[in-house]
2 protein chains.
Amino acid sequence: MRISALAAEAGLPVATVKYYLREGLLQPGTATSATQASYDEHHLRRLRLVRALTGPVGLSVQQARSVLQLVDEPGDDLYSTLGRAVGALPPDGAEPAGADDPYPRARAALEALGQVYDPEFAAVAQLEGALAAADDAGMPITPERLARYGSAAADLAAYDLERMPPEPHAAVEYTVLGTALYEPVLLALRRLAHQDAAVRRLGREA
Amino acid sequence: MRISALAAEAGLPVATVKYYLREGLLQPGTATSATQASYDEHHLRRLRLVRALTGPVGLSVQQARSVLQLVDEPGDDLYSTLGRAVGALPPDGAEPAGADDPYPRARAALEALGQVYDPEFAAVAQLEGALAAADDAGMPITPERLARYGSAAADLAAYDLERMPPEPHAAVEYTVLGTALYEPVLLALRRLAHQDAAVRRLGREA
DNA sequence: AATATTGGAGAGTACAACTATCCAATCATG
DNA sequence: CATGATTGGATAGTTGTACTCTCCAATATT
C-alpha cells in the first residue's frame, strides 16, 4: 500500500501522514525505490492509534510520540515504563516545592489510602497539582471524598491489573494504552452518572 | 487593590491579568477614575479559579470562559446548565453520525447501565468518541469493563450529589466546578492505583 | 512639580499542528 | 516508450492560542 492509499484508508490528508512520519509518530514504510515506499496494516493501525491519542485522549503530538516510543521499546521494568508513560500524559503536575516534602497533599492522601508513595512517580505531582487547584479554586477536597475517590480508583485498578496479559510486551501495551485510552471513557461515564443522578434527584424540567 | 497588587497577589504578570480582563474571564474592577480601578478578594479568587481551570483541568481560555459564564449566570434549570457546562469541557465528542441512532455505542452502554440516555447531552458524544477511539486503537472496551467503570462512576456521582448544597446558585457552582476540578484528581488517583497495584503484583525491581 | 503607575487598546511573539508547494525520480498506461 | 500522475523528502506557509510588549494620555504619589 502506498502513502496515498494509507492516508485514504485512515481518512487523513497525505500531508498529515507525512507530518506524522516526520515527527516520528509513524514508522517509515519499507522503501521499494528512491521515491516509493510501501505501508501495511501495521501502519494503518498505528495511524488509528495516533488519532485516538491526539483526539479523544487529548495528547499533543509530542506526548503521543513519548507514549508510543514507550510502547515500541519498553524498558525491562514495567513499573518504570508505566511511570515514564504517565509522565508523558497531561496534565503536567506541580513542580517539586520543598526538597524535604515536595508533595505534601499527595503524600498525605496516599498514606491515608494505604498506598505506596513514590515522589518520583509523575502522577504524584499531578495529584498534588490537582489538589492544589481545587484548594485554590475554593473547592477543597475533603479527606472523606478523597478516600472515596481513592478506593474507587483502587477497585478499578485491581480489575484492570487482573486482566493484564502475561507476556511482558503485551503487558506494557495493555497498561500504557489502557491508562491513556480508558481515561476519557471514565470521565464521560462520570459526567453521565452526574447527569443521571441529577435527573433522578431533581426530576427533569423540560 | 489596584491591578498590580492583584497581579502580584495571584503571582501573575500584569499583562496576563489585563489579557484575562479583555477575554472576559475576569470582571472589571470598580473604576475609581478614568485611569484607575480597584479590585477585591472576589477578583483574586476568580483569578485563582481561572488558573486552576486553565492549568490542571486543562481548559483553553475559551472553554474556561464558557464554564465561568455558566457559573456566573446559570439558567433556571440545573440539568441544562450542567449539560452546557459539560459541553464546554474537553474532549470534544464525536459529531452525530446517522440521524436515527447517532451514538450507538454510548446508547448501548447507558442502557446496559440502566441510565437515562439523552443524545443532547454533550457527555454522550464524548463517551461515543472515547469508545470509538478505544476500538480504533485496537483496545476495545468489553461490556463487562464498561459495567465496572459505569457502576464506579455511579457510586461517585451519588456520593457527590448527596453533598450538593441546597441553594440553587451554590448547587450550580458545586456541580459545574466539582465536575471540572475533581476530574484531574480522579485521574491521578487512578494512575496511582495502577502503580500501586503493579508494585504489589509484580514487586518492584529497582 | 516631578516621577511613577494605571487602564485600555493594538501590535508583536512563540509555539503547535497542520497544510501547501516544489522537485526530481519513479510508476502506470496507452 | 512517451507522457502524465504519484511519490518521498524538504521547505515554507497558514491558522489558532496564549500570552507579552509597547504606547499613551490621564491620574497618583512624593
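Just so we're on the same page: letters track the sequence lines, and every chain starts at 1.
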With a 4.5 Å cut-off on side-chain heavy atoms, are A/L110 and B/D196 touching?
no

To the nearest Å, how far apart are B/R2 CZ and C/dG8 P?
16 Å

I'd like to check the side chain to side chain contact (heavy atoms under 4.5 Å, CB included) partners of A/A123; sequence neighbours left out, ordered by chain and number.
A/V86, A/F121, A/Q126, B/R191, B/L192

With sequence neighbours excluded, residues passing side chain to side chain contact (heavy atoms under 4.5 Å, CB included) with B/A170:
B/P165, B/E167

Nearest listed nucleotide, side chain of A/S60, among D/dT17, C/dA17, D/dT6
C/dA17

With B/R46 via salt bridge (Lys or Arg N to Asp or Glu O under 4.0 Å) - residues at least two apart:
B/D72

Any pair counted as salt bridge (Lys or Arg N to Asp or Glu O under 4.0 Å), so long as it reaches residues 121-144 of chain B, sequence neighbours left out
A/R163-B/E144, B/R105-B/E128, B/R105-B/D135

Partner residues of B/R107 under the salt bridge (Lys or Arg N to Asp or Glu O under 4.0 Å) criterion, sequence neighbours left out:
B/D101, B/E111

Of all residues at least two apart in sequence or in a different chain, which pass the side chain to side chain contact (heavy atoms under 4.5 Å, CB included) check with B/Q62?
B/S60, B/R65

A/M1 CE - D/dT7 P separation (whole Å):
13 Å

B/D160: salt bridge (Lys or Arg N to Asp or Glu O under 4.0 Å) partners, not counting sequence neighbours
A/R145, A/R190

Does A/T54 place a side-chain N or O at less than 4.0 Å from the phosphate oxygens OP1/OP2 of C/dA17?
no

Nearest whole Å is fine: how far is C/dT26 C1' from A/I3 CD1?
15 Å

Expected output check: what is the dot-bracket annotation of DNA chain D, where ( ) and [ ] are pairs inside the strand (brackets for crossing ones), | is paired with another strand, and pairs are Watson-Crick or G-U under 3.5 Å?
||||||||||||||||||||||||||||||

Going by number, which of residues 30-50 of chain A have a non-hydrogen atom under 4.0 Å from DNA chain D?
A/T35, A/Q36, A/A37, A/Y39

So, with a heavy-atom separation below 4.0 Å from DNA chain D, the residues of residues 10-24 of chain B are B/P13, B/A15, B/T16, B/Y19, B/Y20, B/R22

Excluding sequence neighbours, so at least two apart, what forms salt bridge (Lys or Arg N to Asp or Glu O under 4.0 Å) with A/D92?
none

Which ring pair (Phe, Tyr, Trp, His ring centres under 6.0 Å) pairs, counting each pair once, include a residue from residues 12-65 of chain B, with sequence neighbours left out?
B/Y39-B/H43

